[in-house]
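What follows is a single structure, written as structure tokens, with notes after it.
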Amino acid sequence: MIKTPPKTLKSVQDFLKHGLIEQDEAQTLERGAGLFQMAMTSAVLDTVRGAAAHDPIHKQYVPSAAEFNFKEDELNDPIGDGAHRVCRGLVHRYPDRVLFKVTQSCAVYCRFCFRRELLGDDDRTLTQEDIDAALDYIAAHKGIHEVILSGGDPFVMSARRLKNLMERFNQMEHIQFIRFHTRVPVVNPKAITSQFCESLKSHKRIIVSIHTNHVQELSPAAKSAIDNLDKAGITLISQTVLLRGVNNNPETLMDLFKGLMQVNVKPAYLHHPDKAKGTSHFRVSIEEGKEIFTRLRGQVSGHCLPDYVLDIPGGFGKVPVTADWVKLQSDGSYIVTDIHGGTHQYKD
Ligand SMILES: *Cc1c(COP(=O)(O)O)cnc(C)c1O
Ligand code: SF4
């Protein structure tokens, strides 16, 4: 049985009390209180080693006044989920899979979150009727082979609610894969007990995508939570957001991806940061991202490397952001650039 994780720090005063913010910043934050959710678990607090300027954990989870600095091109729905919404909580963008935003709560609230506008708002919480409508849609559309449970964070749901959902999917023959996107294994690892993992068991293939942005998050407790998922036979992949001041250099990403492979998690996606409101202090340019990724390719085994992707605003999906490795010339040959910047001619 998992309980709602203890949100140790959930107010400006809590962050102040733990010395994570200064008095003057607290005053600024109080004025904007309620704009975005805040929460940090005790497990995350344990991994903080310093102030935001130097600590990748602090930067990700401690609110800052920089979040009130809105830019004109920032969006409430940066990846365009609304464009493919088929019913409340359900986004059907690709023919063979649906994204089911089954809960609006998270164990922590990340300062860079791309769904921050939608979270923690009780009016948006799905009712049982909403959930039934989403399940009816999935049951009726036989072209759907994968259900992606997201949120919020699906692993903050009770084991009982998760089990009920799994039972519904188990009855749908066309569903082959059930995927969870979650941060809980790293931010509240003690919730991922072996009993919890047992409750996920199914004759369908279960995939858990672990969201993590820095190797410092892979604490011994997090590794043991991941190990429990692994022992239950779950396929483990990961998702990382490229964030300024957190992981925007090849060495940091290399340590993270290798650390993940060590615990049997295959890095799947490195996301270019989305244009969510009040997140410009985290943003990295495409050129910088490409350069980081090119340097990474020269240093790390291919199996440790995720795809570096951009989610096109407006709901047009994810595409790889890659350097122009292979360029067609007007004479029909190609100029191929190697990882050191050297160029080579190639003919078909
Ligand atoms: C990202 C996303 C998916 C999943 O895409 P994958 O490439 O399979 O990870 C599905 N639906 C929506 C709406 C998405 O944004
Ligand atoms: S866990 Fe995911 S959905 Fe929740 S705040 Fe963090 S990024 Fe957003």
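If you read the sequence from its start, that first residue is 1, and numbering goes on from there. Both counts, for ligands and for their atoms, begin at 1 and track the order of listing. For clarity, every value in this text was computed on a predicted model and none was experimentally measured.
A donor-acceptor pair is defined here as one N or O able to donate and one able to accept, closer than 3.5 Å; such a pair exists between the side chain of Arg116 and the backbone of Lys277. No donor-acceptor pair closer than 3.5 Å links the side chain of Arg85 to the backbone N or O of Leu90. Between the side chain of His18 and the main chain of Leu20, no donor-acceptor pair closer than 3.5 Å is present.
Only side-chain heavy atoms of Arg179 come within less than 4.0 Å of ligand 1; its backbone N, CA, C and O stay farther off. Heavy atoms of Lys318 found under 4.0 angstrom from ligand 1 belong exclusively to the side chain. Of all the heavy atoms of Arg97, the ones lying under 4.0 Å from any atom of ligand 1 belong exclusively to the side chain.
Aromatic ring pairs are classed by plane angle as parallel below 30°, tilted from 30° to 60° and perpendicular above 60°; the pair Tyr346 and Tyr334 is tilted. Ring pair Phe100/Phe169 is perpendicular by interplanar angle, where above 60° counts as perpendicular and below 30° as parallel.
Exactly one of Gln216, His214, Arg49 qualifies for a side chain to side chain donor-acceptor pair (under 3.5 Å) with Asp55. That residue is Gln216.
The local environment of CD in Gln262 is sparse, with at most 12 non-hydrogen atoms from other residues, nucleotides or ligands closer than 6.0 Å.
When hydrogens are left out, the protein atom nearest atom 7 (O) of ligand 1 is Tyr269 OH, 2.4 Å; that is the closest non-hydrogen contact. The protein atom (non-hydrogen) at minimum distance from atom 15 (O) of ligand 1 is Arg93 NH1, 3.0 Å.
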Cut-off 3.5 Å, no hydrogens considered: what does the side-chain donor-acceptor table look like for residues 284-300, sequence neighbours left out?
{"from": "Ser285", "atom 1": "OG", "to": "Glu288", "atom 2": "N", "distance (Å)": "3.0"}
{"from": "Glu288", "atom 1": "OE1", "to": "Arg244", "atom 2": "NH2", "distance (Å)": "2.9"}
{"from": "Glu288", "atom 1": "OE2", "to": "Asn248", "atom 2": "ND2", "distance (Å)": "3.0"}
{"from": "Thr294", "atom 1": "OG1", "to": "Lys290", "atom 2": "O", "distance (Å)": "2.8"}

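For ligand 1, the atoms closer than 4.0 angstrom to any heavy atom of Ile148 are 3 (C), 4 (C), 10 (C). Residue contact check: Val91 has heavy atoms under 4.0 Å from atoms 13 (C) of ligand 1.
Around atom 4 (Fe) of ligand 2, protein N, O or S atoms at less than 2.8 Å comprise Cys106 SG.
Two rings, from His271 and Phe114, have their centers 6.0 Å or more apart.
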